[in-house]
Protein chains: 2
Amino acid sequence: MDDQLNRVFSALADPIRRDIVARLAVADAGVNELAEPYDVSVQAVSKHLKVLEEAGLVSRTREAQRRPVHLEAEVFDLMTKWIERYRRQAEERYRRLDDVLAEMDPEQTRPDTQRGVS
Amino acid sequence: MDDQLNRVFSALADPIRRDIVARLAVADAGVNELAEPYDVSVQAVSKHLKVLEEAGLVSRTREAQRRPVHLEAEVFDLMTKWIERYRRQAEERYRRLDDVLAEMDPEQTRPDTQRGVS
DNA sequence: TGTCTTATCAACCGCAAGGTTGAACAAGGA
DNA sequence: TCCTTGTTCAACCTTGCGGTTGATAAGACA
């Protein structure tokens, strides 16, 4: 589960792979087709697809000689859940901090007495 | 903007850095404190913090000798926006595909005549 | 059968990333 | 002033990643 997160985040850390995902959101495509816009070899793109596949972001089926690549959008949930969890937790902290400040003597809640809350 | 995405995604691709983010969601902390649970040197953790800072995920202020690290949760939005955009786009595709199938003659929409839609 | 297309495998290269150790810097406190 | 604490800088090592080229596999079709 943690490995899965590793794979998904590092898969999307590469700009070419992010772009591939973006294009697959529009339509399935083969390796050659996908490789066309970039100035790297088809083999390099094939490796990128392998990374995306191992992250569960993409699947390949056979169709004659072609192997159309298909986006598996469910994996996104894994990331958004992780992100939202800590985002919410952090926001909760700030909210509580605000409450504390609100209960304090106004003299002590002037902006220049707060540390980096922005 | 694309660079920022690179930095954020690859910052979170490392399990130690993700864990640091998780802990900072609970409370600010100094480098030594943060390094304690892992069996790597403090310097290594200091490098991790630099990566997180350059991704905009974290900020440091000075407080006596200490330099408390603070989570900046806004950057998460950048990621969730990127993710949601393509997730939605992909889901829209499937919805349209379903419509097409629904309009077809039932004879031709039997499972074994569809290609990997699962 | 041979051949064309599509895609992957294998071996290699350069470089950045994560780790280490040792030194240096910044800011109290004795 | 000197010492201690907290943190970063610098140099180095090793590994993994993205890229290359060349060979190979799997189907379609003459």
Side-chain angles (χ1 to χ4, degrees), chain A residues 2-24 27-71 115-116, chain B residues 2-24 27-71 115-116:
Chain A
D2 201 51
D3 268 12
Q4 175 84 340
L5 270 178
N6 280 344
R7 280 191 288 262
V8 176
F9 274 115
S10 47
L12 294 179
D14 185 283
I16 290 192
R17 286 196 290 261
R18 272 204 311 281
D19 195 60
I20 288 177
V21 166
R23 293 167 58 205
L24 289 176
D28 293 5
V31 179
N32 283 289
E33 194 178 345
L34 285 170
E36 197 271 323
Y38 320 116
D39 58 349
V40 300
S41 66
V42 178
Q43 288 94 322
V45 174
S46 183
K47 281 191 189 178
H48 282 306
L49 290 177
K50 196 177 180 185
V51 172
L52 288 171
E53 187 174 32
E54 281 166 354
L57 280 161
V58 132
S59 67
R60 278 120 129 197
T61 56
R62 186 164 277 289
E63 179 178 295
Q65 311 100 315
R66 308 192 65 239
R67 301 200 62 194
V69 183
H70 178 79
L71 184 63
R115 355 158 309 286
Chain B
D2 200 52
D3 268 11
Q4 175 84 340
L5 270 178
N6 281 343
R7 280 191 289 262
V8 177
F9 274 115
S10 46
L12 294 178
D14 185 283
I16 290 192
R17 287 196 290 261
R18 271 203 312 280
D19 195 59
I20 288 177
V21 166
R23 293 168 57 206
L24 288 176
D28 294 5
V31 179
N32 283 289
E33 194 177 347
L34 286 171
E36 197 270 324
Y38 320 115
D39 59 348
V40 300
S41 65
V42 177
Q43 289 93 324
V45 174
S46 183
K47 281 190 189 179
H48 281 306
L49 290 176
K50 196 176 180 188
V51 172
L52 289 169
E53 188 174 32
E54 281 167 354
L57 280 162
V58 132
S59 67
R60 279 120 130 196
T61 58
R62 186 165 277 290
E63 178 178 295
Q65 310 102 314
R66 310 191 63 238
R67 302 200 60 194
V69 183
H70 177 79
L71 184 64
R115 354 157 309 285

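Predicted model, so just to flag it, every value in this text is computed and none were measured. Throughout, protein chains are lettered first and strands after them, A, B, ... in sequence-line order, and every chain is numbered starting at 1.
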Carboxylate-amine/guanidinium contact A:Glu36 A:Arg23, below 4.0 Å: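 Here A:Glu36 does not pair with A:Arg23 in a salt bridge, since their nearest N and O are not under 4.0 Å apart.
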
Could you state the [atom1]-[atom2] distance from [X] to [N], rounded to the nearest angstrom?
X: B:Glu63; N: C:dA26; atom1: CD; atom2: P; value: 19 Å
X: A:Arg17; N: D:dG19; atom1: CZ; atom2: C1'; value: 12 Å
X: A:Ile20; N: C:dA7; atom1: CD1; atom2: P; value: 13 Å
X: B:Asp39; N: C:dG18; atom1: CG; atom2: P; value: 16 Å
X: B:Asp14; N: D:dT15; atom1: CG; atom2: C1'; value: 14 Å
X: A:Asp28; N: C:dT6; atom1: CG; atom2: P; value: 17 Å
X: A:Asn6; N: C:dA17; atom1: CG; atom2: P; value: 17 Å
X: A:Glu36; N: C:dA7; atom1: CD; atom2: C1'; value: 17 Å

Of A:Leu57, A:Asp14, A:Val69, the residue whose pairing with A:Leu52 passes side-chain contact (heavy atoms from CB on, under 4.5 Å):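 Running side-chain contact (heavy atoms from CB on, under 4.5 Å) over A:Leu57, A:Asp14, A:Val69 with A:Leu52 returns exactly one hit, A:Leu57.
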
Contact under 4.0 Å: A:Ser41 side-chain N or O vs D:dT20 OP1/OP2: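 Looking at the OP1 and OP2 atoms of D:dT20, one of them is under 4.0 Å from a side-chain N or O of A:Ser41.
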
Phosphate-side-chain proximity, A:His48 and D:dC17, N/O vs OP1/OP2 below 4.0 Å: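 False: A:His48 side-chain N/O out of range (4.0 Å or more) of D:dC17 OP1/OP2.
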
When rounded to the nearest 0.5 angstrom, what is the spacing between [atom1] in [X] and [atom2] in [Y]?
X: B:His48; Y: B:Tyr38; atom1: NE2; atom2: OH; answer: 9.0 Å
X: A:Ile16; Y: A:Asp39; atom1: CD1; atom2: CG; answer: 7.5 Å
X: B:Glu54; Y: B:Asp3; atom1: CD; atom2: CG; answer: 11.5 Å

pair B:Arg18-A:Asp2: side-chain heavy atoms closer than 4.5 Å: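 The answer is yes, as the side chains (C-beta and beyond) meet within the 4.5 Å cut-off.
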
Annotated protein contacts, base or backbone, on nucleotides 5-11 of chain D with a non-hydrogen cut-off under 4.0 Å, one of B, S, - each: -SSBB-B

Partner set under side-chain hydrogen bond (donor to acceptor under 3.5 Å, both in side chains) for B:Glu53, not counting sequence neighbours: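 B:Glu53 satisfies side-chain hydrogen bond (donor to acceptor under 3.5 Å, both in side chains) with B:Arg60 once adjacent residues are dropped.
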
5′-ward residue of the pair A:Val51/A:Ala64 relative to DNA chain D: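 The residue mapped nearer the 5' terminus is A:Val51.
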
